[in-house]
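Every value quoted in this text rests on a predicted model; they were computed, and no experiment measured them.
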Amino acid sequence: RWNDIDYMNIYLDFTYNHTTFEQLPQLVDNLHSHGQRYIVITDPGISAVQSPGTYPPYDDGLKKGVFILNSTGKPILGTVWPGVTVYPDFTNPESQDYWEQEIVKFHDIVGFDGLWIDMNEPSNFQDGSIYGCPNSSLN
């Protein structure tokens, strides 16, 4: 069994909607008791517009410096399902640890058996960032 991103609370990674998917942890436990597995879809785009202190995946990522940066040293802002987003820089070993920690914390709440990257890759609905692409020889 699997769920698309509709299980999330306002499409925020590492959350689930406690109204429409109120019994999600219990459902997954029930699937396991019947020998079934459960996969969640996730997006490597982390919402950047939640109030400070309300969305740990963003707050923790900022503190650890794990997001892809632009030429001014600020996180690149793109747009995916939750709105304005930032992206972990998976070439940074700290990002790999950060991502694993976020997965483990969510797994402690919903005992999923696997993750499926939505659209099978990090995605952005913008060309470059929300500010566009700089004019350079690289683009």
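- Atom OG1 of residue Thr85 and atom OH of residue Tyr58 lie 10.5 Å apart, to the nearest 0.5 angstrom.
- Atoms CD1 and CD1, from Ile117 and Ile41 in turn, are 9.5 Å apart once rounded to the nearest 0.5 Å.
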Task: side chain to side chain contact (heavy atoms under 4.5 Å, CB included) between Gln50 and Asp59, intermediate numbers included - done: CA-CA 9 Å; Gln50 306 311 306; Asp59 298 330; over 6 Å; no
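- To the nearest 0.5 Å, atoms CD (Glu22) and CG (Leu27) are separated by 12.5 Å.
- Note on Leu69: it does not cluster hydrophobically with Leu62, by side-chain heavy-atom contacts below 4.5 Å among ILVMFWY residues.
- Residues passing the ring pair (Phe, Tyr, Trp, His ring centres under 6.0 Å) test with His107 are Phe112, sequence neighbours excluded.
- Distance OH/Tyr38 to CH2/Trp2: 10.0 Å, rounded to 0.5 Å.
- Taking each heavy atom of Val110 and Pro25 in turn, the nearest pair found is CG2-CG, 4.2 Å.
- Closest heavy-atom contact between Asn9 and Thr15: N-OG1, 3.1 Å.
- Within the 4.5 Å cutoff, side-chain heavy atoms of Tyr11 are placed close to those of Asp6.
- Within 6.0 Å of the OH atom in Tyr7, the count of heavy atoms belonging to other residues, nucleotides or ligands exceeds 12.
- Note: Asn70 CG to Thr72 OG1 = 3.5 Å, rounded to the nearest 0.5 Å.
- In this structure, the separation between NE2 on His32 and CG on Asp113 is 3.5 Å, given to the nearest 0.5 Å.
- Between Ile46 and the options Leu12, Val80, Val86, a side-chain contact (heavy atoms from CB on, under 4.5 Å) holds for only Val86.
- Across every non-hydrogen atom of Ile39 and Leu115, the tightest pair is CG2-C, 4.2 Å.
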- [ ] May I have the step-by-step check of side chain to side chain contact (heavy atoms under 4.5 Å, CB included) for Ile68 and Phe90, ending in yes or no?
- [x] CA-CA 9 Å; Ile68 298 171; Phe90 290 111; over 6 Å; no
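- When all heavy atoms of Pro44 and Tyr87 are compared, the pair lying nearest together is O-CD2, 3.6 Å.
- Side chain to side chain, Asn3 and Tyr16 fail the donor-acceptor criterion of an N or O pair below 3.5 Å.
- Two residues are said to be in side-chain contact when any heavy atoms from C-beta on lie closer than 4.5 Å; Thr42 and Asp118 fail this criterion.
- In this structure a side-chain-to-backbone donor-acceptor pair under 3.5 Å is present from Asn17 to Thr19.
- Taking each heavy atom of Pro57 and Phe14 in turn, the nearest pair found is CG-CD1, 4.0 Å.
- Annotation: salt bridge (Lys or Arg N to Asp or Glu O under 4.0 Å) contacts involving residues 73-102, sequence neighbours excluded, comprise Glu102-Lys105.
- Pairing each heavy atom of Pro88 with each of Tyr98, the nearest pair is CG-CE2, 4.1 Å.
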